[in-house]
2 protein chains.
Amino acid sequence: MSKAATVYDVADRAGVSIATVSRVLRSPDAVRPVTRERVLDAVAALGYVPSGSARGLAERRTGVLGLYFPGFDAADEAPALDALSGEESPPFTVVQSGADDEDHAAMLFLDEVLRGAELEAWKQGFVLMVGVGRDDPDRATVRDMAGRVDGLMVLASSVPDEVLARLARRIPVVVLSGPPRGDHYDHVTVSNAEAMAELTRHVLAQVEDAPLAFLAGPTDSPDGAQRWEGFADAVAGAGRPVEEVRVVRGDFTRASGRRAAEELLRSGPPAALIAANDQMALGALDAFRTAGVRVPEDVLVTGFDGIEAAVLSQPPLTTIRQPMIELGRAAVQVLARRLEHPEAEPIMARLPVRILLRESSLRPS
Amino acid sequence: MSKAATVYDVADRAGVSIATVSRVLRSPDAVRPVTRERVLDAVAALGYVPSGSARGLAERRTGVLGLYFPGFDAADEAPALDALSGEESPPFTVVQSGADDEDHAAMLFLDEVLRGAELEAWKQGFVLMVGVGRDDPDRATVRDMAGRVDGLMVLASSVPDEVLARLARRIPVVVLSGPPRGDHYDHVTVSNAEAMAELTRHVLAQVEDAPLAFLAGPTDSPDGAQRWEGFADAVAGAGRPVEEVRVVRGDFTRASGRRAAEELLRSGPPAALIAANDQMALGALDAFRTAGVRVPEDVLVTGFDGIEAAVLSQPPLTTIRQPMIELGRAAVQVLARRLEHPEAEPIMARLPVRILLRESSLRPS
DNA sequence: GTGAAAGCGCTAACAT
DNA sequence: ATGTTAGCGCTTTCAC
C-alpha cells in the first residue's frame with residue numbers, strides 16, 4: 001500500500017504516455033505488441049490497479065448497481081461482537097443436542113432477493129452494492145449510494161416518495177415488490193392479490209356457504225391491503241357478501257395471530273380462516289390446537305409468505321410463496337434494460353407466485 | 001434523469017460558488033445560515049445528488065468496503081429467467097403438498113457471511129460492495145472491485161497469492177476463513193483444527209481402543225487438511241498411533257461419503273467414523289443404514305460444518321459449526337481498524353466454533 | 001464567510 | 001501507433 005500507483009507512474013516506467021497506458025488496459029489491440037508488453041510489465045511491477053473513482057468520473061458510468069433495503073430484521077438481535085478483543089476466548093464451545101442455539105439463521109426475504117440480484121448482476125457484468133438504511137431519517141445512505149451507482153433497486157416502502165423522485169432524477173430506479181408506485185419508475189412485483197384470490201377460491205370451494213374469517217395485518221401495511229383485496233375479490237366473485245366475513249386484525253406476529261384466533265373462537269370457529277401472513281396463521285394454529293379445534297377437520301387455515309416454519313407446522317400450512325430470488329434477478333434485468341434504453345416506457349414486471357397447498361387447507365373427504 | 005445536476009448547477013442557481021455548495025454539504029456550520037438555506041433550496045429544486053466518483057476521487061476514499069467470493073454454489077442451477085418477456089405467464093402456479101419444489105433455498109456459507117458483513121458495515125458507516133468471480137481467469141472482477149473500495153475482504157482460496165499481493169499494494173486486504181496466508185494480510189478465521197481435536201477426544205473417550213476411521217476430503221483442500229490435523233493431533237495425544245486409523249477419502253459430496261463408508265464396511269465397521277464434512281458424514285449414515293449397521297449403537301459418526309440437513313438426519317448428526325455471520329462481522333471490524341491504523345501489525349483473529357453434540361456420536365449407555 | 005483555483009486519476013477526442 | 005490535452009464533478013487550500 002506504499003502509495004497506490006497511478007497511470008502516470010506506469011507511463012513513466014514504461015516510457016510511454018498515459019494515453020497509451022489507458023489504451024493497453026481498455027483496447028489492447030489498438031497498441032503495438034511491444035509497447036503493450038512494456039506497459040503490462042510496468043503495470044505488474046508497480047502493482048497498478050486503476051482507480052474506480054477516476055474511471056467512473058471520466059467514463060460517466062461505474063458498472064455498479066445498487067440494492068437498497070430498509071433494514072435487517074435480524075440486525076438488532078445480533079450480539080455485540082468484538083473480534084479484536086484478543087485471544088481470551090476459547091477456540092470452541094460445546095453445545096449439547098437440543099439446546100436451542102443450534103438454530104440456523106433463517107433465510108430472510110432480504111437474503112434471497114440479494115442472492116438473486118447478485119447472481120444476475122454477475123451475469124450482466126455488474127457489481128452489486130448493498131446498502132441498508134435503518135435509523136436513517138434523512139436517507140443519507142440511499143442518497144450516498146445513488147451517487148455511486150449506475151442504477152438503483154429499492155425495496156418498496158423503504159424510501160419515501162420524495163426521496164425516490166429525487167434519486168430518479170439522477171439514475172434509473174426500480175422499485176421492488178409492493179404495490180405500484182405511480183408510473184414513473186420501473187417496478188418489479190409479484191401477483192399477490194391474484195394469488196390470494198385464487199387461494200381464497202380454493203378454500204371457498206370446500207367450505208361453500210359456511211362462515212369465513214380473515215386475519216388481517218396492520219392497517220398501514222400495503223402488502224396487507226393487497227392481500228385483503230385479493231381475498232375480498234374472490235369472496236365477492238363467489239357471490240358472497242364481503243360484509244359477512246369476520247375480520248380480525250393482527251400485526252403480523254405469531255402472538256397477534258394467536259390472540260385474534262382466540263377472539264374468533266369466543267363466537268364459535270369459522271369454517272375457514274384466511275390469514276394475511278404465515279406468522280399469524282401459525283399463531284392461529286396454536287390457538288386452535290389449545291382450544292381443541294381441529295385443523296383441517298373443523299376449520300381450514302391458510303397463510304401467506306411461505307416461510308420455512310410453515311412446512312414444519314402441525315398440520316403443514318397452506319400458503320403462498322413469493323419468488324424472492326427471481327425478484328432480485330428480475331430487478332437487475334429491468335435495470336440493465338433501462339440503462340440501455342433510458343427513454344423506453346416504464347417497465348412493470350409482475351412475477352408469478354406459488355400457491356403451496358398443504359394439509360391445513362385440505363378438508364379430508 | 002434529465003441530465004444529473006452538478007455542483008455547478010447548484011452554485012449557479014443559489015448564486016454562490018461551488019466551494020460554498022461543497023461546504024454546505026460537508027460542514028454546514030462553516031457557512032452562514034442564509035447562504036446555507038439558499039444552497040439547500042437549490043439542491044432540493046434541482047434534485048442534486050453528489051457524484052460518488054468525483055467525491056471519491058477528490059477525497060481519495062470511497063466509504064465502500066468490498067466483499068469478494070469465488071462463486072455461488074447455487075448459481076448454475078438457477079433457471080434462465082426472463083422477467084421482461086411480457087405478460088404471458090400466469091400470475092401464479094399451484095403446487096400440491098409434498099411436491100419437491102416446495103424447497104427453501106438453504107442458507108449458504110456465503111449468505112451468512114454476507115449478512116454479518118452487511119450488518120457490521122452498516123454499523124461502521126460503510127457501504128458494502130459484493131462481487132462474485134466465477135469463471136474469471138484473469139480475476140478482472142476482483143481487481144475491478146479493488147479499484148472502487150477502501151478495503152477488500154476476500155474469501156480464502158478464491159484468489160491466487162500473486163493477485164492478492166497486488167491488490168494489497170493498493171488497499172488493505174483481509175482474508176476470510178481458511179488457513180493462514182503468510183503474515184502479510186489481516187486474517188479472520190476459525191479454530192477448525194482445535195475444535196476437530198476436541199470433537200475427536202469426545203469420541204475417543206467413548207470408543208477407547210476400538211478401531212477408528214477418518215473420512216477425509218480431497219487432498220488439495222486446505223480446509224480438509226486442517227481438519228485432518230486436528231483429528232490426528234487428538235489421536236496422537238491420546239497415545240494412539242495415528243497409522244492405525246483407517247483413512248478413506250471422498251470429495252466432500254454425499255455420494256462419495258456413501259461409497260467410502262461402503263468400502264469401510266467391507267473390512268468390518270470401525271467403532272467410530274470422523275468425517276471431514278457433513279455431506280460425507282450423511283452419505284456414510286446412508287450406507288450404514290442400508291447395511292444394517294446402527295448409529296450410534298454400532299458406530300459413532302461425526303461431521304463438520306453444521307449444515308441444516310445435519311439436524312434433520314436420522315440420527316441427528318454431531319458436527320462442528322462455524323460462526324459464519326460473526327466471520328463476516330469480524331472481517332469488517334478488522335478492515336475498519338486497519339483503515340484507521342494502516343501501519344499496525346497484521347491482525348489475526350480466530351473465532352470460536354461450536355461443537356454440536358447430537359445423537360450420532362453419543363453411545364447409549 | 002466566501003470565492004478562485006489547483007488538483008484527484010482517468011478517458012477520449014484530436015493531433016501528429 | 002502514440003502523444004497532447006481537455007474535461008469528468010468534487011474537495012480543499014489559500015486568498016480576500
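Throughout, a chain's letter reflects where its sequence line sits, starting with A, and its residues are numbered from 1.
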Between A/Ser17 and A/Tyr8, which has a closest nucleotide on DNA chain D that is more 5'?
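Nearest nucleotide further toward 5': that of A/Ser17.
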
Main chain of B/Leu46, side chain of A/Arg169: is a donor-acceptor contact present, judged purely on distance under 3.5 Å?
yes

NA contact type, B/Val21, heavy-atom cut-off 4.0 Å: base, sugar-phosphate, or nothing?
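B/Val21: no heavy atom of the nucleic acid under 4.0 Å.
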
Contact class for A/Thr35 (heavy atom, under 4.0 Å): base, sugar-phosphate, or nothing?
sugar-phosphate

Whole-Å distance between [N] [atom2] and [X] [atom1]?
X       : N      : atom1 : atom2 : value
B/Arg23 : D/dT13 : CZ    : P     : 11 Å
B/Ile18 : D/dC14 : CD1   : C1'   : 15 Å
B/Tyr48 : D/dG9  : OH    : C1'   : 7 Å

Please tell me which of the listed nucleotides, C/dA12, C/dG9, C/dA5, lies nearest to the side chain of A/Ala58?
C/dG9

OP1 or OP2 of D/dG3 sitting under 4.0 Å from any side-chain N/O of A/Thr20?
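Yes.
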
B/Ser22 vs D/dT11: side-chain N/O to OP1/OP2 distance below 4.0 Å:
yes

Non-hydrogen side-chain atoms of B/Ile171 and B/Asp150 separated by less than 4.5 Å:
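They are not in side-chain contact.
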
Is any side-chain N or O of B/Arg60 under 3.5 Å from a base N or O of C/dG7, one able to act as donor and the other as acceptor?
no

